[in-house]
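Okay, so here's the structure we're looking at.
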Protein chains: 2
Amino acid sequence: MRADAQRNYDRIVEVARQVFRERGYDASLDDVAKLAGVGPGTLYRHFPKRENLLDAVMQSWVDKVNDTADKALAHEGSDRDLLVNWFVDYVELISQHKGGPAKLTSAMGNPDSPIVTKCQALARANGRVIDQLREDGALRDDVETIQVCRLVGGIATVADQSELDAAAVRPMLEVVADGLMK
Amino acid sequence: MRADAQRNYDRIVEVARQVFRERGYDASLDDVAKLAGVGPGTLYRHFPKRENLLDAVMQSWVDKVNDTADKALAHEGSDRDLLVNWFVDYVELISQHKGGPAKLTSAMGNPDSPIVTKCQALARANGRVIDQLREDGALRDDVETIQVCRLVGGIATVADQSELDAAAVRPMLEVVADGLMK
DNA sequence: ACCTGAACACCGTTCAAGT
DNA sequence: ACCTGAACACCGTTCAAGT
């Protein structure tokens with residue numbers, strides 16, 4: 001990539017990360033281009049679809065997902081606590097920006113989505129937690145990882161759209177956790 | 001209301017019902033106005049916000065909600081079956097149009113929403129089912145009706161946005177039902 | 001090869017003029 | 001009292017012209 005192109009690419013991603021954080025995932029791309037000091041055409045050249053930009057913005061986020069899963073797995077305590085705490089973390093992970101939970105959860109399992117690698121990272125992290133609990137024999141046998149992603153993602157989506165606080169979300173996560181355990 | 005105003009009102013609602021069904025809740029209101037044969041100003045006069053139009057479109061839907069709850073309550077069989085079947089019905093009720101589950105579920109508990117009466121009808125129907133099961137002593141004591149609405153609504157929202165079929169939705173509803181029961 | 005920015009399309013929303 | 005439709009604002013997207 002030419003030096004000026006790389007510079008523009010980086011600027012756009014950096015600005016988008018900030019704008020998405022402040023105004024949510026549906027923020028105006030025109031504004032992003034303006035703030036990045038590029039023409040709208042340049043933004044569209046690098047990111048033909050809005051979701052390609054989301055994907056770039058979430059690049060570093062993948063590490064955080066894996067770290068969080070590691071910490072959740074190291075939890076000392078009951079299986080139920082481990083699961084509920086992981087769900088709380090999961091919701092927080094996908095709720096960084098307004099509109100994030102819906103975007104990530106609806107793309108889950110869709111191989112054509114531009115953010116497919118992000119969904120996979122999320123699903124793998126969730127799968128690791130699920131697998132460890134299954135080894136303990138704590139979970140129902142018929143639990144599929146993607147269903148858990150959708151269940152918890154659904155709660156996060158509702159919480160995001162209704163602007164619920166953590167205190168309102170936890171009891172719902174507990175219901176799902178209890179429903180998943182033997 | 002003047003005769004011509006009433007006629008326009010009815011036309012707009014009828015057209016909107018059809019358009020929302022075909023293209024989802026985010027369909028263009030300009031199109032609705034054109035198809036109803038009125039100017040855009042007329043539509044905005046009757047329905048200042050999009051959600052006021054939604055509210056009018058869903059007027060008859062309330063009866064269907066109550067009928068469905070009645071039938072669910074008459075179910076012969078286990079409490080779990082009754083609950084799961086009701087959840088399946090609930091999802092179907094709020095999934096008439098694309099975007100419906102998110103709209104109805106996120107407005108749940110918000111007294112300022114233009115569709116507040118529709119949410120209340122839905123919550124009341126759900127509450128009737130919950131109350132009957134609670135009388136049977138089948139449910140956890142700390143279950144709040146609005147939480148159940150959000151849990152099931154969250155699943156419906158994900159299903160709507162990912163275009164999942166009933167076979168993929170049912171297992172998730174079963175998890176929630178199991179998590180809610182004693 | 002890449003960028004710019006004018007141009008177009010689409011939609012929501014308002015309001016002056018009309019009946 | 002109600003309606004019309006032109007007008008404006010905003011945003012996404014494209015593309016001819018430029019470097």
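All chains are named by letter (A, B, ...) in the order of the sequence lines, taking the proteins before the strands, and each is independently numbered beginning at 1.
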Quiz item: Hey, any chance B:Trp86 and B:Val62 share a hydrophobic cluster, counting ILVMFWY side chains that come within less than 4.5 Å of each other, even indirectly?
Solution: yes
Exercise. Could you please spell out the steps behind the side chain to side chain donor-acceptor pair (under 3.5 Å) verdict for A:Gln6 and A:Asp10?
Key: CA-CA 6 Å; A:Gln6 181 70 55; A:Asp10 292 342; 3.1 Å; yes
Self-check item: Of all pairs that satisfy salt bridge (charged side-chain N to carboxylate O under 4.0 Å, His left out), the ones with a partner from residues 53-78 of chain A, not counting sequence neighbours
Solution: A:Asp55-A:Lys118, A:Asp70-A:Arg128
Quiz item: B:Asp4 side chain: which of D:dG12, C:dA1, D:dC2 is closest?
Solution: D:dC2
Exercise. Report which part of the nucleic acid B:Ala27 touches: base, sugar-phosphate, or nothing (heavy-atom distance under 4.0 Å, all strands).
Key: sugar-phosphate
Quiz item: Do you know the tightest heavy-atom contact between A:Val84 and A:Ala177?
Solution: CG2-CB, 3.7 Å
Exercise. Using atom CZ of A:Arg2 as one end and atom C1' of C:dT4 as the other, report the distance to the nearest whole Å.
Key: 13 Å
Quiz prompt | Carboxylate-amine/guanidinium contact B:Arg80 B:Asp178, below 4.0 Å | solution = yes
Exercise. Is it possible for you to say whether B:Val116 and B:Val57 belong to one hydrophobic cluster, with membership spreading through side-chain heavy-atom contacts below 4.5 Å?
Key: no
Self-check item: Listed nucleotide nearest any side-chain atom of B:Ser28, set D:dT13, C:dA1, C:dG12
Solution: C:dG12
Self-check item: Separation between CD1 of B:Ile155 and OG of B:Ser95, rounded to the nearest 0.5 Å
Solution: 11.0 Å
Quiz prompt | Charged N-O contact under 4.0 Å between A:Arg134 and A:Asp141 | solution = no
Quiz item: Considering only heavy atoms, which members of residues 99-106 of chain B lie under 4.0 Å from some atom of DNA chain C?
Solution: none
Quiz item: What residues form a ring-ring contact (aromatic ring centres under 6.0 Å, His included) with B:Tyr9, not counting sequence neighbours?
Solution: B:His46, B:Phe47
Quiz item: Dot-bracket, DNA chain D: Watson-Crick or G-U, under 3.5 angstrom, [ ] crossing, | other strand?
Solution: ||.|||||...|||||.||
Quiz item: Is B:Ile146 close to B:Met108 at the side-chain level, that is, under 4.5 Å between some pair of heavy atoms?
Solution: yes
Quiz item: Within this structure, what is the CG-to-C1' distance between B:Asp30 and C:dC11, rounded to whole angstrom?
Solution: 6 Å
Quiz item: Are the side chains of A:Val32 and A:Ser28 in touch, meaning some heavy atoms are under 4.5 Å apart?
Solution: no
Quiz item: Do A:Gln132 and A:Leu83 come within less than 4.5 Å of each other through their side chains, counting heavy atoms only?
Solution: no
Self-check item: Distance-only donor-acceptor check, side chains B:Asn8 and B:Arg2, under 3.5 Å
Solution: no
Self-check item: Sorted by number, the residues of residues 39-50 of chain A with heavy-atom contact under 4.0 Å to DNA chain C
Solution: A:Gly39, A:Pro40, A:Gly41, A:Thr42, A:Arg45, A:His46
Self-check item: Residues within residues 5-13 of chain A bordering DNA chain D, heavy-atom distance below 4.0 Å
Solution: none
Quiz item: Can you check the B:Asp31 CG to C:dG12 C1' distance for me, whole Å?
Solution: 12 Å
Quiz item: Which whole-number value in Å describes the distance from B:Lys34 NZ to D:dA6 P?
Solution: 11 Å
